Amino acid sequence: MTRYLVTSALPYANGPIHFGHVAGVYLPADVYVRTLRMLGEEVLSVCGTDEYGVAITLKAEQAGQDYGEYVRGWHDNIQNFFARLGVEFDIFSGTSQCAQHEETAQDFFRQLDANGYLEKKETTQLYSEEDGMFLADRYVMGTCYVCGYESARGDECPHCGTWIDPLKLKNPRSALSGAEPVHRQTRHWYLNLPKLRDDFIGGWIQNHEWKPNVSAFIQNLLEDVPSRSITRDLKWGVPVPPELAGDEEGKRLYVWFDAPIGYVSFTKELMAQRGTPDEWRRWWQDEDTRLVHFLGKDNIPFHCLVFPSMLWGTQQDYVLPWQVPANEFYNLESGKFSTSEGRTFDLDAFFERYDAEAVRFYIITTLPETSDSTFSLEQMVQTINSSLAANIGNLATRVLKFIGKNFEGKVPALAPEHAQEFDRQILMESGEIQDPAESIRAFRFREAAAILLANSSVGNVFMQRTEPWAMRKTDPEKAASALNTLCEWIGWMARWTAPFLPGKAQALWEQLGQPGQVADQPWPGIPDASTWRSLQAGAPLGTPEALFPRVSLPEENELSLPQEKG
RNA sequence: GGCGAGGUAGCUCAGCCGGUUAGAGCGCAGGCUUCAUAAGCCUGAAGUCGCGGGUUCGAGUCCCGCCCUCGCUACCA
């Protein structure tokens, strides 16, 4: 039987994440997983932080923390942010804290080497004796040998745009200490992507059906793939397998190589926790698995070409990606989200004013699925008030409060003689009813959100036409039948909305007096006249309360980061 | 400089391989309704599809040129 292995791009543990990341990756992944679960699919959702690399060592040193402590801090910070938005994974680990990661990453290295997909090359790099390290291109400054600009970086000259060869820079110096680096020979392993492409992956990519914005990205990718260096002279990372390192000392795996392997090692970790350590193979090495990578567009080449090459190159029967629902970028109204530039919100203040699930819903309605899109506070307030408060939320309160006042707060009875008429009215004549899960399966999340609203409108239209408030005086039994029908509809809304608004859907479920977790209900699909009703007449309802209070724009500076207030 | 994305109603966005009067939601206007979170329902106004050429029987949709916006170019979706 088919099973779904869902991964979300590993956030780098050197800073907070923001709505941009959430919209691009984690929220759609969460909705996808929750939907599949209700559909009865077997699903595993894996994520964690990417915790190695030079950037982290430098920042940790600046902060005066040891590396493990430093990444742990950001790991927890990021996890808290996900928790606030209701984004959940089966496991949220980290590449330096996962007990299985080092060995797993080394195994990839060994297997790729054994199969002839690694090559060792000698190169000259800049070494800073002052800093005691080889300098990544980014950490070299110097005079541009093309235009003479004095503050060129080791990767690019910001003045003339030349791609710099750091070895040719005039007057090179370390961006860290300012000391002059020396040339030093070093040997590194490279992943032979051209060979992997020619042996298999090239053909696989061309025959695979990708999301349109993904195909556009990888079209030109194949023609010009270089071998990529997969080791570095680093202090913080997975060591090259000792038996292969030989006389090379201090070589560690380059983060880009070890990070995606985290998907595998985190799965192993989870299965070990569950007491079934071999179970990971069923997820990663079984052809019935559908591997789905959620990520941002900048990660497309990596997950469509490089990581599949690594998986296949081990010759260990790893599954290759089934779908890569990459999203575009999500920008803040006045530009991009950026924590470092203060272009984000004080989240404590933000979530004090705005309900996290309402925010979740707004973000889903604006996901950057086909092109970059924009987060706007004003738009968010409008969406919460019109779509959530007035449409979905108000449908529940208008029905349930009315029943509370006039029908003793119990599910009103459906008279058999009205059933057919009302079935027809709500299922056929009050607007088109669609199944949001079909859109979710196709990774069209915004469309799914629109369907939820349309389905909710069906309830409002039905109520408007049947006018139970008027009927109550002339034909109370018929009014009861209409309200019974509306209660059923609210039950459907609770189930349909559960993946999007997990907490609110549960509250709605309880207001209907239903037991248990709505998320444990089977996915309802599209109502069929002969089977769609399930409520017990006379069963007590819960206490009706507004699910989504109306909201307004924040006061000036209310949501600014603390250091910017005032 | 290089690479990428985009410029479609007031706003945010759909419009796949070119084909009848260009769509949605919100906002706005008018009417109806009062059960409800000043919520609901109905109707409506509103766009020279960035600019200029070209291909075509026919282009928002393909080609060329130009203008503008944004992002990446740091191991940040």
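Just so it is clear: chains get the letters A, B, ... in the order the sequence lines come, proteins before strands, and each one is counted from 1. Only this structure's heavy atoms are used, side chains among them; waters, hydrogens and symmetry mates stay out. Just so it is clear, the model here is predicted, and its values are computed rather than measured.
- Base engagement by A:Leu547 is indicated by at least one non-hydrogen atom pair under 4.0 Å involving a base atom.
- Partner of A:Pro260 under the side chain to side chain contact (heavy atoms under 4.5 Å, CB included) criterion, chosen from A:Tyr263, A:Phe257, A:Trp256: A:Tyr263.
- A 3.5 Å limit on both hydrogen-bonding distances identifies no Watson-Crick or G-U partner for B:A38.
- Counting any heavy atom pair closer than 4.0 Å across all strands shown, A:Ala9 reaches sugar-phosphate atoms only and no base atom.
- Classification of the A:Phe92-A:Phe82 ring pair by plane angle, with boundaries at 30° and 60°, yields perpendicular.
- Contact annotation for A:Thr383: no contact, since no heavy-atom pair falls under 4.0 Å across all strands.
- B:U43 sits 12 Å from B:A24 when the P atoms are compared, rounded to a whole Å.
- The nearest whole Å value for the distance from the OH atom in A:Tyr26 to the P atom in B:A77 is 8 Å.
- Considering all non-hydrogen atoms of both residues, A:Asn327 and A:Pro28 come closest at ND2-CG, 3.7 Å.
- Annotation: A:Glu447, atom CD; neighbour count of heavy atoms from other residues, nucleotides and ligands within 6.0 Å is above 12.
- Between the CZ atom of A:Phe361 and the P atom of B:U12 there is a distance of 19 Å, rounded to whole Å.
- A donor-acceptor pair under 3.5 Å links the side-chain atoms of A:Arg353 to the main chain of A:Ser552, judged by distance alone.
- Classification of the A:Trp496-A:Trp489 ring pair by plane angle, with boundaries at 30° and 60°, yields perpendicular.
- For the P atoms, the distance linking B:G71 with B:G30 amounts to 40 Å, nearest Å.
- Remark: B:A5 base-pairs with B:U69; criterion is Watson-Crick or G-U wobble with both hydrogen-bond distances under 3.5 Å.
- Comparing B:C66 with B:A9, their C1' atoms sit 26 Å apart, to the nearest whole Å.
- The two residues A:Phe407 and A:Ala480 make their nearest non-hydrogen contact at CE2-CB, 3.8 Å.
- Contact annotation for A:Val54: base contact, defined as any heavy-atom pair under 4.0 Å involving a base atom.
- Counting distance only, with no hydrogens placed and no angle test, the side-chain atoms of A:Asn394 and the base atoms of B:A36 include a donor-acceptor pair under 3.5 Å.
- A sub-4.0 Å separation between OP1 or OP2 of B:G25 and a side-chain N or O of A:Thr365 is absent.
- Distance CG (A:Leu452) to P (B:G25): 15 Å, rounded to an integer number of Å.
- Taking atom P on both nucleotides, B:U12 is separated from B:U21 by 28 Å, rounded to a whole Å.
- Checked against a 6.0 Å centroid threshold, the rings of A:Tyr362 and A:Phe375 count as neighbours.
- Between B:G18 and B:G58, the distance separating the two C1' atoms is 8 Å to the nearest Å.
- Note on A:Asn299: only backbone sugar-phosphate atoms sit closer than 4.0 angstrom, heavy atoms only; bases stay farther off.
- Comparing B:C41, B:U12, B:A36 against the side chain of A:Arg398 picks out B:A36 as the nearest.
- Heavy atoms of A:Ala55 sit under 4.0 angstrom from at least one base atom.
- For A:Ala390, counting side-chain heavy atoms from C-beta on, the closest listed nucleotide (B:C41, B:A36, B:A39) is B:A39.
- Across every strand in view, B:A74 sits unpaired, with no contact that passes the Watson-Crick or G-U test at under 3.5 angstrom.
- A gap of 11 Å separates the P atoms of B:C62 and B:G6, to the nearest Å.
- Across the strands present, B:C28 finds its partner in B:G44; the criterion is a Watson-Crick or G-U wobble pair with both atom distances under 3.5 angstrom.
- Taking atom P on both B:C70 and B:G52, the two are 23 Å apart, rounded to the nearest angstrom.
- Nearest to the side-chain atoms of A:Gln379 among the listed nucleotides B:U37, B:U12, B:U33 stands B:U12.
- Contact annotation: A:Ser430 side-chain N/O to B:C41 OP1/OP2 distance is not under 4.0 Å.
- Under the stacking criterion of a centre-to-centre distance below 5.5 angstrom and an interplanar angle below 30°, A:Phe402 is not stacked against the six-membered ring of B:C35.
- Listed nucleotides: B:C41, B:A36, B:U33. Nearest to the side chain of A:Thr397: B:A36.
- Among the protein residues, A:Gly393 comes within range of the nucleic acid bases, having at least one heavy atom under 4.0 Å from a base atom.
- Nucleotides B:G15 and B:C57 place their P atoms 29 Å apart, quoted to the nearest Å.
- Each of B:C13, B:C35, B:A77 was ranked by its minimum atom distance to the side chain of A:Ser373; first place goes to B:C13.
- Remark: B:G23 base-pairs with B:C13. Criterion, Watson-Crick or G-U wobble with two distances under 3.5 Å.
- Applying the 4.0 Å criterion to OP1 and OP2 of B:A39, one finds that A:Lys401 has every side-chain N and O outside that range.
- The side chain of A:Lys405 places an N or O atom within less than 4.0 Å of a non-bridging phosphate oxygen (OP1 or OP2) of B:A36.
- Here A:Arg446 reaches the OP1 or OP2 of B:A14: one of its side-chain N or O atoms lies under 4.0 Å away.
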